[in-house]
Structures are given as C-alpha cells and as structure tokens.
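Just so it is clear, the structure is predicted and the values come from calculations on it, not from any experiment.
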Amino acid sequence: ILFTLTNLVQLAIMLYEQRRRDLTEDEKTVVDAVIPDANTAQIRRFLTLCKLQDAQTDTVLYRQGERPERLMVLTRGTVQIERNGRVIAACGEGDFLGEISFQSDGNATADVIVTNPVRYMAFDNAALKKFLERHADIGAAFQTSLSRNVAAKLDRASHAASSTMP
C-alpha cells in the first residue's frame with residue numbers, strides 16, 4: 001500500500017508540473033525569447049527569477065561604463081542604445097538588455113535609454129547565473145537564445161548602418 005501511495009503522489013506531482021499554467025502576455029514574451037522549447041515545470045522555475053517592471057520615456061536603464069546588476073528582457077516598448085553619446089541601435093519586444101555585461105561580468109558597453117514607455121522582466125545577474133548552473137537544460141537553451149538575440153541585433157545594426165551610407 002505504501003508503494004502504491006508513493007507512486008500516486010509522484011504521479012500527481014508530475015501531472016501538476018506538466019499542467020500548462022496560464023501565462024501573462026509578458027511571461028509569454030519572455031518564454032518565447034529565452035526558453036521557447038521548455039516544458040511547464042522548467043518555465044515555472046525560470047519565471048520565479050524575474051520581476052516585472054515598468055520604465056518611462058527618457059529613463060536610463062544602463063549607463064556605459066557601469067556594472068549592471070540585472071539582465072532584462074523587454075516585453076513592451078522600445079529603447080535606444082547609445083555609445084559615447086551616439087545612437088547605435090534600437091531594441092524592442094523580446095530583446096535582451098545587458099546581455100554582454102551578463103556574459104562577460106563586465107561593465108555596460110553602452111547607455112540604454114527608454115524611447116517610449118517600456119515593460120521588462122528583470123533578472124538579478126547573480127541569482128540567474130546560479131540558477132543556470134544548477135539547471136543545465138535551461139542554461140543551454142538560455143545561452144542559445146542569448147546568442148540568437150545578439151546576432152539579430154548585430155544584423156539590424158548592420159542593415160541600419162548600410163542604409164545610411166552614401
């Protein structure tokens with residue numbers, strides 16, 4: 001009887017974890033951008049790390065040369081990226097912010113300034129790194145998404161630069 005009861009409890013736990021929980025639009029944006037192929041249990045664990053925040057126009061989210069404590073994923077709105085006072089790129093929904101500093105443990109390479117009201121999910125860098133070390137399955141998907149997003153940003157910046165050249 002104890003063996004059967006133990007198996008029933010384990011089955012109930014597995015069913016609960018696999019049940020697709022309703023995600024908010026902001027959570028869906030983050031999941032799609034960061035861990036699109038994760039199962040419900042992985043998504044639930046991952047989303048415990050982030051905090052939804054808002055910022056108004058002209059808010060500086062990162063300053064060049066300063067060390068960010070958070071990695072962000074934009075869920076709404078746009079920001080511009082400025083380096084040495086010159087606009088070099090723009091980012092929007094689904095884009096990572098602070099990813100270079102997150103990966104290099106270095107300072108921000110540019111200013112990130114809100115151009116219209118934004119909403120983003122913020123992850124504490126230290127907590128996220130510990131989590132990704134403990135959950136290699138999510139860590140691999142996370143790194144792939146980070147690389148894809150950086151490549152997409154470079155591609156957009158390259159196209160923008162080539163369209164402004166004579």
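- Interatomic distance, CG of Leu52 versus CE of Met121, reported as 5.0 Å (0.5 Å rounding).
- Between Phe102 and Phe142, the angle of the ring planes goes over 60°, which puts this pair in the perpendicular group of the 30/60° scheme.
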Item to complete: Apply the test side chain to side chain contact (heavy atoms under 4.5 Å, CB included) to residues Asp111 and Tyr62: give CA-CA distance (whole Å), side-chain angles for both, the deciding distance (0.1 Å), then the verdict.
Response: CA-CA 5 Å; Asp111 294 332; Tyr62 297 114; over 6 Å; no
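- The backbone N or O of Asp26 lies less than 3.5 Å from no partner atom in the side chain of Thr75, so there is not a single donor-acceptor pair.
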Worksheet item: How far apart are the C-alpha atoms of Ile113 and Glu82, what are their side-chain angles, what is the distance that settles it, and do they pass the side chain to side chain contact (heavy atoms under 4.5 Å, CB included) test?
Response: CA-CA 8 Å; Ile113 303 166; Glu82 293 183 10; 3.5 Å; yes
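- With hydrogens and angles disregarded, no donor-acceptor distance shorter than 3.5 Å links the side chain of Asp32 to the backbone of Thr29.
- Cluster membership for Ile35 and Val150, using ILVMFWY side-chain heavy atoms within less than 4.5 angstrom, is not shared.
- If you take NZ on Lys51 and CE on Met72, they are separated by 11.5 Å, rounding to the nearest 0.5 Å.
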Fill in: Residue pair Val73, Leu97: steps toward the side chain to side chain contact (heavy atoms under 4.5 Å, CB included) verdict
CA-CA 6 Å; Val73 177; Leu97 302 174; over 6 Å; no
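- Contact annotation: the side chain of Leu71 approaches that of Leu128 to within less than 4.5 Å [non-hydrogen atoms, C-beta and beyond].
- Checking Gln53 against Arg70 by side-chain atom types alone, a donor-acceptor pair falls below 3.5 Å.
- With hydrogens and angles disregarded, a donor-acceptor distance shorter than 3.5 Å links the side chain of Asn125 to the backbone of Pro68.
- Using a 3.5 Å distance cut-off with no hydrogens or angles, the side chains of Glu66 and Gln64 do not pair a donor with an acceptor.
- A donor-acceptor pair shorter than 3.5 Å can be found between the side chains of Asn116 and Thr78.
- A salt bridge links Glu99 to Lys153: at least one charged side-chain nitrogen sits closer than 4.0 Å to a carboxylate oxygen.
- Using a 4.0 Å cut-off between charged nitrogen and carboxylate oxygen, Glu133 and Lys130 do not count as a salt-bridge pair.
- Looking only at side-chain heavy atoms (C-beta outward), Thr57 and Pro117 come within less than 4.5 Å of each other.
- The shortest distance between side-chain heavy atoms of Leu132 and Ile138 falls below 4.5 Å.
- Residue Ile81 holds its CD1 atom at 8.5 Å from OG1 of Thr109, rounded to the nearest 0.5 Å.
- Each of Val60, Thr59, Val118, Val79 was evaluated against Val112; a single residue qualifies, Val79, per the side-chain contact (heavy atoms from CB on, under 4.5 Å) test.
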Worksheet item: Between Asp95 and Arg156, does a salt bridge (charged side-chain N to carboxylate O under 4.0 Å, His left out) hold up when you go through it step by step?
Response: CA-CA 12 Å; Asp95 279 331; Arg156 288 193 310 254; 2.9 Å; yes
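- Atom CG of residue Asp137 and atom CG of residue Asp37 lie 12.0 Å apart, to the nearest 0.5 angstrom.
- Between Arg76 and Tyr120, every side-chain heavy-atom pair lies at or beyond the 4.5 Å cut-off.
- At a threshold of 4.5 Å between non-hydrogen side-chain atoms, the residues Glu27 and Phe46 do not count as touching.
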Practice prompt. Evaluate side chain to side chain contact (heavy atoms under 4.5 Å, CB included) for Arg148 paired with Thr144, printing each intermediate quantity in order.
Written response: CA-CA 6 Å; Arg148 264 194 217 119; Thr144 298; 3.4 Å; yes
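- Contact check on Asp105 versus Arg67 returns no salt bridge, with no Lys/Arg side-chain nitrogen under 4.0 Å from an Asp/Glu carboxylate oxygen.
- Within the 4.5 Å cutoff, the side chain of Ile43 has heavy atoms near those of the Leu23 side chain.
- Two different hydrophobic clusters hold Leu61 and Ile100 under the rule that ILVMFWY side chains link at heavy-atom gaps under 4.5 Å.
- For CZ of Arg63, the number of neighbouring non-hydrogen atoms (other residues, nucleotides, ligands) closer than 6.0 Å is 12 at most.
- Ring centroids of Phe123 and Phe96 are separated by 6.0 Å or more, keeping the two rings apart.
- The shortest side-chain heavy-atom distance between Arg45 and His135 falls under the 4.5 Å cut-off.
- Listed here is the closest heavy atom pair of Leu74 and Cys91: CD1-O, 3.7 Å.
- Smallest separation of non-hydrogen atoms from Asn107 and Gly65: ND2-O, 3.0 Å.
- Between Ser145 and Ala33 the shortest heavy-atom distance is CB-O, 3.2 Å.
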